[in-house]
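Only one structure is covered here, and it is reproduced in the block below.
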Amino acid sequence: MIRGLWPRTWRAWSAYGLGLGTFVILNVLVVLGSDLALKLLITLVGMFAGGVVACAITYPFRDTFAVSGVWRIVGNFVGLALVFGIIFGGAALTGVPAFPTAESGNAGTFIYGLAFGFGVSVPAGLGLSGTPEWRRESRGVELRVLAVVLGTIAGLFALLFALYLLIEYVAVPLIRALAA
């Protein structure tokens, strides 16, 4: 069983090394006294724990939810409900506010990391994030759609930035000059 958890490809080994290196660097920064590194480390530990818990909980149900479309939707909604259960249940158990505030401290940071790791790992644990057999040959179409969506978003951000520059450096000085 343990042998099945080891990475098999160079890409998986790279991700494993990057994750391990990140934890080591954050630990060194925490020892040196960085508060930001402590928050990041607590969040990453929570995400890792949430992913492990999600994989362990969803493994027996993998064949049930990955079969049909209705069960896939049910699996996603159950995962989402469990994420909110983790957030509100963890906040109630630890006595911190349910919404991220400065009062929640390290416990709130861990709870949100745990919920995020759990929520991201549930679809993979249920087998929902895998590409179905009938869609595997259409990878080129997906990449084109992704390029169009990302290009549209980048274009809108560029237009928004241009509008900001126009207002900040043309309209505001003109309004100030006319008001004086």
Side-chain angles (χ1 to χ4, degrees), residues 1-9 11-12 14-16 18-20 22-23 26 39-157 160:
M1 171 104 178
I2 299 292
R3 202 177 325 175
L5 297 175
W6 284 103
R8 293 186 183 99
T9 63
R11 199 177 273 178
S14 300
Y16 178 74
L18 182 66
L20 187 63
T22 302
F23 276 104
L26 285 175
K39 295 286 187 188
L40 286 173
L41 186 64
I42 291 170
T43 302
L44 287 176
V45 167
M47 288 171 60
F48 182 74
V52 169
V53 168
C55 288
I57 288 175
T58 58
Y59 187 74
F61 305 107
R62 186 176 186 97
D63 294 332
T64 304
F65 287 104
V67 175
S68 71
V70 173
W71 283 109
R72 292 168 79 91
I73 294 170
V74 169
N76 282 328
F77 279 115
V78 167
L80 187 62
L82 288 174
V83 166
F84 284 110
I86 289 171
I87 291 173
F88 291 114
L93 286 175
T94 57
V96 297
F99 300 103
T101 63
E103 298 170 7
S104 63
N106 292 340
T109 304
F110 180 77
I111 290 169
Y112 272 89
L114 183 74
F116 184 73
F118 187 86
V120 168
S121 300
V122 163
L126 290 175
L128 303 177
S129 62
T131 306
E133 293 290 332
W134 56 274
R135 292 195 57 203
R136 288 202 177 143
E137 63 269 351
S138 65
R139 293 296 278 180
V141 175
E142 292 176 7
L143 291 176
R144 281 183 268 163
V145 169
L146 181 66
V148 167
V149 168
L150 291 177
T152 304
I153 292 171
L156 289 174
F157 277 128
L160 186 63

Side-chain heavy atoms of F110 within contact of V45, under 4.5 Å: yes

Nearest non-hydrogen partners of F118 and G79, listed with the distance: CE2-O, 4.3 Å

Interatomic distance, T43 atom OG1 to N106 atom CG [nearest 0.5 angstrom]: 9.0 Å

Exercise: identify the closest heavy-atom pair between K39 and T109: O-CG2, 3.6 Å

Nearest non-hydrogen partners of A115 and V83, listed with the distance: O-CG2, 3.7 Å

Closest heavy-atom pair and its distance - A54, S121: CB-CB, 3.7 Å

Shortest non-hydrogen contact from L41 toward F23: CD1-CD2, 3.6 Å

Heavy-atom pair with the smallest gap, counting every atom of T94 and I111: OG1-CD1, 3.6 Å

Separation between OH of Y112 and CD1 of I42, rounded to the nearest 0.5 Å: 15.5 Å

F88 CZ: over 12 foreign heavy atoms closer than 6.0 Å: yes

Contacts of L156 that satisfy side-chain contact (heavy atoms from CB on, under 4.5 Å) - sequence neighbours left out: T152

Beyond-backbone contact of L44 with T22, side-chain heavy atoms, under 4.5 angstrom: yes

ring-ring contact (aromatic ring centres under 6.0 Å, His included) involving Y16 - partner list, sequence neighbours excluded: W13

From L26 atom CG to L40 atom CG, the distance as rounded to the nearest 0.5 Å: 6.0 Å

